[in-house]
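Notes follow once the structure below has been shown.
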4 protein chains.
Amino acid sequence: MDKRELILEATLELITENGFHATPMSMISKKAKVAAGTIYHHFENKEVLLEALYAESKKKMGRAMQLATVNGENYETDFKSIWISLFIFYADNSNTFQFLEQYAQSPFIRKETKEEQRKHYQPIIDFLGEGIRKGNLKSMDVEILTEMVHGTVASAAKIFHQNKGLSKNAIDQLAQFAWQAAKA
Amino acid sequence: MDKRELILEATLELITENGFHATPMSMISKKAKVAAGTIYHHFENKEVLLEALYAESKKKMGRAMQLATVNGENYETDFKSIWISLFIFYADNSNTFQFLEQYAQSPFIRKETKEEQRKHYQPIIDFLGEGIRKGNLKSMDVEILTEMVHGTVASAAKIFHQNKGLSKNAIDQLAQFAWQAAKA
Amino acid sequence: MDKRELILEATLELITENGFHATPMSMISKKAKVAAGTIYHHFENKEVLLEALYAESKKKMGRAMQLATVNGENYETDFKSIWISLFIFYADNSNTFQFLEQYAQSPFIRKETKEEQRKHYQPIIDFLGEGIRKGNLKSMDVEILTEMVHGTVASAAKIFHQNKGLSKNAIDQLAQFAWQAAKA
Amino acid sequence: MDKRELILEATLELITENGFHATPMSMISKKAKVAAGTIYHHFENKEVLLEALYAESKKKMGRAMQLATVNGENYETDFKSIWISLFIFYADNSNTFQFLEQYAQSPFIRKETKEEQRKHYQPIIDFLGEGIRKGNLKSMDVEILTEMVHGTVASAAKIFHQNKGLSKNAIDQLAQFAWQAAKA
DNA sequence: AATGAATGAGGGTTCATTCAT
DNA sequence: AATGAATGAACCCTCATTCAT
């Protein structure tokens with residue numbers, strides 16, 4: 001397996017468990033079964049490693065949302081489909097979820113990196129923007145609405161991980177929670 | 001001013017800015033204008049200092065919510081009043097908000113500490129539980145509903161701090177967002 | 001004894017023996033019988049430690065030259081007296097001599113530090129300048145003459161240390177060597 | 001061009017600029033446009049590379065002095081001719097000069113290597129020895145005299161490089177400085 | 001209670017060297 | 001002969017904590 005991949009994986013696991021500063025490079029190298037110096041062949045330093053992990057995670061999140069079945073016939077159905085896709089991604093990838101939550105606003109990630117990775121989030125912004133224009137959603141600033149809707153997914157995922165699971169019914173109820181909040 | 005208070009204040013400010021591990025005790029002692037050893041007269045070690053800060057912050061949050069005018073006449077009005085009280089506390093105390101968000105789930109805070117500080121949160125759980133029983137709110141697990149509603153406040157506060165402000169109108173709209181989500 | 005002094009002394013000894021990069025801070029701390037961190041209480045980092053040592057050494061050199069008996073009656077006698085004073089300092093302080101020779105032009109010492117420490121050398125420049133004006137010495141650029149005369153002292157000191165000693169006679173002969181070179 | 005030669009050249013340039021320990025093998029390999037491993041095909045390790053460079057440099061110095069026109073008619077003229085030949089070599093090859101000055105006494109060069117490379121210096125020792133015997137030069141230990149005379153060349157070269165040049169006149173004056181110092 | 005110099009374990013990072021290709 | 005990814009020991013430096021004052 002690619003060493004770069006092994007390092008990123010070990011980093012994700014350790015960093016969500018211990019936090020950035022409580023995860024020494026030596027611990028990462030041990031978990032990745034790689035020499036300490038090898039990490040530095042692939043990542044300039046610890047910060048760059050973190051940023052690479054952030055970029056990788058955002059990319060995966062973007063891909064997950066594109067798996068939602070959106071056919072444009074019924075806005076509510078499409079909305080819930082996207083909501084559930086993201087929820088499932090967060091539920092299935094607890095480390096990635098925690099990592100993104102924790103580092104989204106941290107000073108470890110440079111503004112430019114965040115800006116650049118925003119592209120993976122653009123489709124959902126567009127979808128909500130369209131909903132606002134068409135009158136399906138509340139007439140709000142689209143950035144604010146996006147943040148609020150995303151907040152409902154994040155809260156739901158947090159509950160999922162605390163509970164170590166959630167029934168199909170409960171998930172649908174939470175999607176409904178989000179939909180009623182956002183709809184016009 | 002009490003040295004203990006000065007230390008806690010300096011810690012809050014520095015830790016939200018830099019994170020736990022990127023905030024040396026020496027930096028705290030400098031900001032608090034206190035000798036390094038003095039911190040250890042008031043707090044056994046760095047972790048204990050953090051836990052004390054957590055307890056203090058939760059207490060303040062609890063007090064803020066008790067300022068809401070809840071008269072029991074109209075459930076929706078009371079719901080929004082509490083929602084806005086908490087939001088205002090988070091808006092006015094950005095460091096405390098950030099700190100609680102960041103460390104609520106971090107491994108730095110021992111489970112027992114978290115459990116103990118839950119008491120400050122009990123009134124709102126009771127209020128929502130009553131709403132469910134009375135049929136004002138969705139019939140959901142009260143813990144789940146509480147987490148979801150709290151999530152809307154946290155998202156709103158995050159937006160407030162990113163935007164560096166939010167109009168009265170926008171705040172009311174966000175309270176409405178939460179209410180429509182939660183109501184039966 | 002002052003820890004700062006102990007550290008400087010250990011550094012001088014080790015650095016002349018091994019060179020800057022071959023002398024780990026851990027080695028210095030061990031020789032000075034001081035914890036590694038203690039060095040950093042007295043010197044910001046390794047480079048600053050080196051610069052402090054340089055400044056200290058230049059100061060000592062300046063003091064040594066002021067011990068020469070210069071009465072202004074006979075220029076040749078005064079010239080040789082100064083020459084021998086500096087020679088004796090270099091002979092008696094082999095480490096300081098080696099250190100100054102080695103680091104005088106090294107990139108470790110910042111230009112500003114060198115400029116600043118030049119003051120300890122000013123008296124001899126003045127003395128040689130006066131000799132040129134009065135016709136006692138060759139009519140040359142005073143900086144060049146100073147460098148050449150200093151070179152003779154340095155060469156003599158090098159010989160002294162290689163030979164592990166030099167007779168009074170030989171020293172006088174070398175002072176004479178320098179005088180004949182420099183005199184008009 | 002021969003890779004061995006490229007490596008030696010890169011090493012000379014980098015080592016005079018940064019010093020031995022501040023010049024990683026990777027830096028040398030990059031400058032020489034050669035893979036890291038390739039250096040180890042030509043030189044057993046870093047120390048051996050340094051010693052090879054030392055030997056090469058001493059050889060070049062020896063060759064330069066042999067270019068002096070020495071016809072045995074006038075000792076003073078021959079003395080100055082040799083002095084100037086060496087000076088010109090040091091002036092033209094600033095890196096080699098610096099390197100030899102810096103590493104002549106350093107612990108990096110083994111005694112045996114230094115002994116072996118002394119052969120390139122033998123002709124000048126013989127020339128000065130003859131001058132002493134014939135009464136042209138001061139009656140001194142020939143090794144001491146050689147060191148002192150060489151010191152004047154080295155000082156002159158140092159001045160040359162600091163000044164970034166020196167007039168023909170000045171050079172003659174410095175040769176005269178050396179001659180008056182050494183002559184009987 | 002308060003101070004701050006001192007400690008030394010442990011962190012991020014570098015780099016001489018190896019070895020499979 | 002030549003390559004360059006990989007190694008891991010060793011470096012500089014930081015910082016939680018102690019303790020004599």
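Lettering of chains follows the sequences in order, A, B, ..., and the numbering in each one begins at 1.
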Does [atom1] belonging to [X] count more than 12 external heavy atoms closer than 6.0 Å?
X       : atom1 : value
K30(D)  : NZ    : no
Q162(A) : CD    : yes
K59(A)  : NZ    : no

Anything under 3.5 Å between a protein N or O and an N or O of nucleotides 17-21 of chain F, put it in a table, one pair a line.
{"unit_1": "dT17(F)", "atom_1": "OP2", "unit_2": "Y40(B)", "atom_2": "OH", "d": "3.2"}
{"unit_1": "dT17(F)", "atom_1": "OP2", "unit_2": "K46(B)", "atom_2": "N", "d": "3.1"}

How many whole angstroms separate atom [atom1] of [X] from atom [atom2] of [N]?
X      : N       : atom1 : atom2 : result
K33(B) : dT3(E)  : NZ    : P     : 13 Å
F43(A) : dG12(E) : CZ    : P     : 15 Å
H42(A) : dT13(E) : NE2   : P     : 16 Å
L49(B) : dC15(F) : CG    : P     : 16 Å
M27(A) : dT13(E) : CE    : P     : 16 Å

Q.
Using the rule side chain to side chain contact (heavy atoms under 4.5 Å, CB included), only one of L50(C), L53(C), L49(C), T11(C) pairs with F43(C); which is it?
A. L49(C)
Any non-hydrogen side-chain atom of [X] less than 4.5 Å from a side-chain atom of [Y]?
X      : Y      : result
L8(D)  : E56(D) : yes
F97(B) : D92(B) : no
Y90(C) : M61(C) : yes

Q.
Taking the cut-offs as 6.0 angstrom to the six-membered ring centre and 45 degrees off its axis, would you call K60(B) and F89(B) a cation-pi pair?
A.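 No, a cation-pi geometry is absent between K60(B) and F89(B).
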**Q.** Within 45° cone of F20(A) ring axis and under 6.0 Å: K46(A) NZ or CZ
**A.**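 Flagged: K46(A) positioned over aromatic ring of F20(A).
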Q) Going by heavy atoms closer than 4.0 Å, what residues in residues 2-19 of chain D are next to DNA chain E? A) none
**Q.** Residue met sooner reading DNA chain E from 5', once P24(A) and I39(C) are mapped to nucleotides
**A.**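 Taking each residue's closest nucleotide, the earlier one in sequence belongs to I39(C).
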(Q) Just N and O in the side chain of H21(D): are any of them under 4.0 Å from OP1 or OP2 of dC15(E)? (A)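 Looking at the OP1 and OP2 atoms of dC15(E), neither is under 4.0 Å from any side-chain N or O of H21(D).
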Q.
Side chain of A35(D), heavy atoms from C-beta onward: which of dT3(E), dA6(E), dG4(F) has the nearest atom to it?
A. dG4(F)
Q: Please report the closest heavy-atom contact between E51(B) and F108(B), naming both atoms and the distance.
A: OE2-O, 3.5 Å
Q) Got a salt bridge between E9(A) and R4(A), using NZ or NE/NH1/NH2 to carboxylate O under 4.0 Å? A)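 No, no charged N to carboxylate O under 4.0 Å.
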**Q.** Strand DNA chain F as a dot-bracket string - pairs counted if Watson-Crick or G-U with both distances under 3.5 Å, | where the partner lies in another strand
**A.** .||||||||||||||||||||
